[in-house]
J.: 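One structure, as structure tokens, below. Some questions next.
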2 protein chains.
Amino acid sequence: MRFSTRLSDSVHILCFIYLNPDENLSSERIAESVRTNPGYVRQLMSLLRKAELISSTKGHAKPMLAKEAGEITLRDVYRAIEGDKPLLHLDTHTNPECGVGVNIQLALQEYYDRIQAAAEAEMARITLQDVLDGYHERIKGNKR
Amino acid sequence: MRFSTRLSDSVHILCFIYLNPDENLSSERIAESVRTNPGYVRQLMSLLRKAELISSTKGHAKPMLAKEAGEITLRDVYRAIEGDKPLLHLDTHTNPECGVGVNIQLALQEYYDRIQAAAEAEMARITLQDVLDGYHERIKGNKR
DNA sequence: CCTATTGTAATTTTAATAATAACAGCATAT
DNA sequence: ATATGCTGTTATTATTAAAATTACAATAGG
């Protein structure tokens, strides 16, 4: 497959909502910024809404963050979008007649869980506000 | 794309080499255990050899670990196989006319780097020996 | 009522990965 | 030395998850 940009796109959407609180924010307008199509934006927003990170109502183009930007972490967004899908994947298709493969993979799971936990712990330390701060610094820098 | 099992398969290969030090270990024999084809096994082994994790010679079916199992970390394997490819990917295809997208993505990079570093730091704490220990415990457990 | 938009699902296209195939070159045995 | 088996490498094809696209019922607001 192509590799996933869903987390990046979701953060983009959240920032875009934060940065445009008053305007009419249709999925089409957001899609223009992400350079994708409104359907994809609405799919991601649907997941963000189910995770209670944004609020939005059918027919009304005014999505809003449901929490402060400082209260939304990258882990919240990751879990909203990816659910339990991990960063690393076992090969679950090894030869079952050769016990080595199966048991190595099962042993690996335990360590992959640790790696996943370390990554998610770091995600939990990063908020949408941090990303927005980085964004604003960049904007300032460009104006110099 | 389908998601990558290259790291898992590479660990499998390394363990298989460790566990079968004397036998004739052709890529075909390893491929049977991974349930894949010899060409794929040789591709991964080529990367492992370039990273000096194994040694092998053309025409001679006797690959060997180039280091102690306790000296090979998951980060070594990950970097051998994936190089600089990260776990999380920016969307580098946002609308350049809308500065928001571009700058949000650039701001994100800094935080993705932190997440990648956290994940790799945990990988660096896990050795092939750890995985082998987990494997042996599992084998023992099954015999009970 | 009419228009714009959401929320959702179904289908198609794209692209990274794994599978497959092919072959020159080396090692070992006979 | 010759034959056989295997490696190392490259090229091509198939597979499959992600993104793009399409469609439409349902709601908000004028």
Side-chain angles (χ1 to χ4, degrees), chain A residues 1-10 12-13 17 23-32 34-51 54-64 78 80-95 101, chain B residues 1-10 12-13 17 23-51 54-64 80-95 101:
Chain A
M1 62 183 167
R2 60 178 71 174
F3 36 63
S4 176
T5 56
R6 301 171 87 208
L7 179 62
S8 300
D9 292 334
S10 299
H12 187 147
I13 291 168
I17 291 172
E23 306 181 44
N24 220 42
L25 265 200
S26 65
S27 59
E28 178 159 5
R29 187 132 145 43
I30 299 173
E32 271 170 33
V34 183
R35 200 198 249 173
T36 180
N37 57 82
Y40 176 60
V41 169
R42 292 205 291 273
Q43 277 179 7
L44 293 178
M45 285 178 67
S46 175
L47 294 169
L48 295 173
R49 187 165 34 74
K50 279 166 187 159
I54 64 172
S55 61
S56 58
T57 50
K58 186 181 277 194
H60 192 44
K62 285 255 192 309
M64 285 176 11
Y78 176 83
I81 296 298
E82 303 291 358
D84 285 337
K85 191 167 81 55
L87 294 166
L88 293 171
H89 295 268
L90 297 181
D91 185 346
T92 56
H93 200 255
T94 61
N95 188 343
Chain B
M1 62 183 166
R2 61 178 69 174
F3 35 63
S4 176
T5 56
R6 301 171 86 206
L7 178 62
S8 299
D9 292 333
S10 298
H12 187 147
I13 290 169
I17 291 172
E23 306 184 45
N24 220 41
L25 265 199
S26 65
S27 58
E28 178 160 5
R29 187 130 146 44
I30 299 173
E32 273 171 30
S33 177
V34 183
R35 200 199 251 174
T36 181
N37 57 83
Y40 176 58
V41 169
R42 291 204 292 272
Q43 277 181 5
L44 293 178
M45 285 177 68
S46 176
L47 294 169
L48 295 173
R49 187 164 34 75
K50 279 167 188 159
I54 65 173
S55 61
S56 59
T57 50
K58 185 182 277 192
H60 192 44
K62 285 254 191 312
M64 284 177 10
I81 296 298
E82 304 290 358
D84 285 337
K85 192 169 79 57
L87 294 166
L88 293 171
H89 295 268
L90 296 181
D91 185 346
T92 57
H93 201 256
T94 60
N95 188 343

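From a predicted model like this one, the values you see are computed outputs, not experimental measurements. Letters A, B, ... mirror the listed sequences (proteins, then strands); counts begin at 1. Heavy atoms only: backbone and side chains are in, while hydrogens, waters and symmetry mates are out.
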J.: Under 4.0 Å from OP1 or OP2 of C:dT6: is there any side-chain N or O of A:Arg29 that close?
T.: no

J.: Provide, to the nearest angstrom, the distance between the CG atom belonging to B:Asp9 and the C1' atom belonging to C:dT17.
T.: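 Distance check: B:Asp9 CG to C:dT17 C1' gives 11 Å.
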
J.: Say whether B:Arg35 and A:Thr94, considering side chains only, have a donor N or O and an acceptor N or O under 3.5 Å apart.
T.: no

J.: If you assign A:Lys50 and A:Ala61 each to the DNA chain C nucleotide with the nearest heavy atom, which residue ends up on the more 5' nucleotide?
T.: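 Nearer the 5' end of the strand: A:Ala61.
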
J.: Which of the following nucleotides, D:dC6, D:dA28, C:dT6, is nearest to the side chain of A:Arg42?
T.: C:dT6

J.: Answer yes or no: is there a donor N or O on one side and an acceptor on the other, between the side chain of A:Ser56 and the main chain of A:Arg49, under 3.5 Å?
T.: no

J.: Quick one: which of A:Thr36, A:Val34, A:Ile17 gives a side-chain contact (heavy atoms from CB on, under 4.5 Å) with A:His12?
T.: A:Val34

J.: Is A:Tyr40 close enough to D:dA20 that one of its side-chain N or O atoms is under 4.0 Å from OP1 or OP2 there?
T.: no

J.: Starting at the 5' end of DNA chain D and moving along, which residue's nearest nucleotide shows up first, A:Asn37 or B:Glu28?
T.: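 That would be B:Glu28.
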
J.: OP1, OP2 of D:dA17 versus side-chain N and O of A:Arg2: anything below 4.0 Å?
T.: no

J.: Would you say B:Thr36 places a side-chain N or O within less than 4.0 Å of OP1 or OP2 belonging to C:dA18?
T.: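 So the side-chain polar atoms of B:Thr36 never come under 4.0 Å of the phosphate oxygens OP1 or OP2 of C:dA18.
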
J.: Taking C-beta and beyond as the side chain, do B:Ile54 and B:Met45 meet within less than 4.5 Å on heavy atoms?
T.: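 Yes; the side chains approach each other to less than 4.5 Å.
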
J.: Calculate the interatomic distance between B:Phe3 atom CZ and C:dA15 atom C1'; express it in whole Å.
T.: 16 Å

J.: OP1 or OP2 of C:dT17 less than 4.0 angstrom from a side-chain nitrogen or oxygen of B:Ser4, does that happen here?
T.: no

J.: To the nearest angstrom, how far is A:Leu25 atom CG from C:dT6 atom P?
T.: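 Rounded to the whole Å, the gap is 9 Å.
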
J.: Can you tell me the distance, in whole Å, between the NE2 atom of A:His93 and the C1' atom of C:dA18?
T.: 11 Å

J.: Does D:dG8 have its OP1 or OP2 closer than 4.0 Å to a side-chain nitrogen or oxygen of B:Ser46?
T.: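 Answer is no, no contact under 4.0 Å.
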
J.: Return the value, rounded to whole Å, for the distance between atom CD1 of A:Ile81 and atom C1' of D:dA18.
T.: 13 Å

J.: Flag the pair B:Ile13 / B:Val41 as yes when at least one side-chain heavy-atom distance between them is below 4.5 Å, and no otherwise.
T.: yes

J.: So, OP1 or OP2 of D:dG8: does either fall under 4.0 Å of a side-chain N or O from B:Ser56?
T.: yes

J.: Please confirm whether the shortest side-chain N or O distance from A:His60 to OP1 or OP2 of D:dG29 is below 4.0 Å.
T.: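 A:His60 to D:dG29 OP1/OP2: side-chain N or O found under 4.0 Å.
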
J.: In whole Å, I'd like the distance from the CZ atom of A:Arg49 to the P atom of C:dT5.
T.: 18 Å

J.: Would you kindly give the NZ-to-C1' distance between B:Lys58 and C:dA27, to the nearest whole Å?
T.: 11 Å

J.: Does B:Ser26 have a side-chain nitrogen or oxygen under 4.0 Å from the phosphate oxygens OP1 or OP2 of D:dT7?
T.: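 No, no such contact exists.
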
J.: Taking only the side-chain nitrogens and oxygens of B:Arg6, find out if one of them lies under 4.0 Å from OP1 or OP2 of C:dA18.
T.: yes

J.: Measuring from the side chain of A:Gln43 (C-beta onward, heavy atoms only), which nucleotide among C:dA18, D:dT21, C:dT6 has the closest atom?
T.: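 When the side chain of A:Gln43 is considered, D:dT21 is the closest of C:dA18, D:dT21, C:dT6.
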
J.: State, yes or no, whether a side-chain contact exists between A:Thr5 and B:Thr92 at a heavy-atom distance under 4.5 Å.
T.: no

J.: Remember a base hit wins even if backbone is also touched, and classify B:Leu47 as base, sugar-phosphate or nothing at under 4.0 Å, heavy atoms.
T.: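 Answer is nothing: B:Leu47 stays at 4.0 Å or more from every strand.
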
J.: Round to the nearest Å and state the distance from A:Glu82 atom CD to D:dA19 atom P.
T.: 8 Å

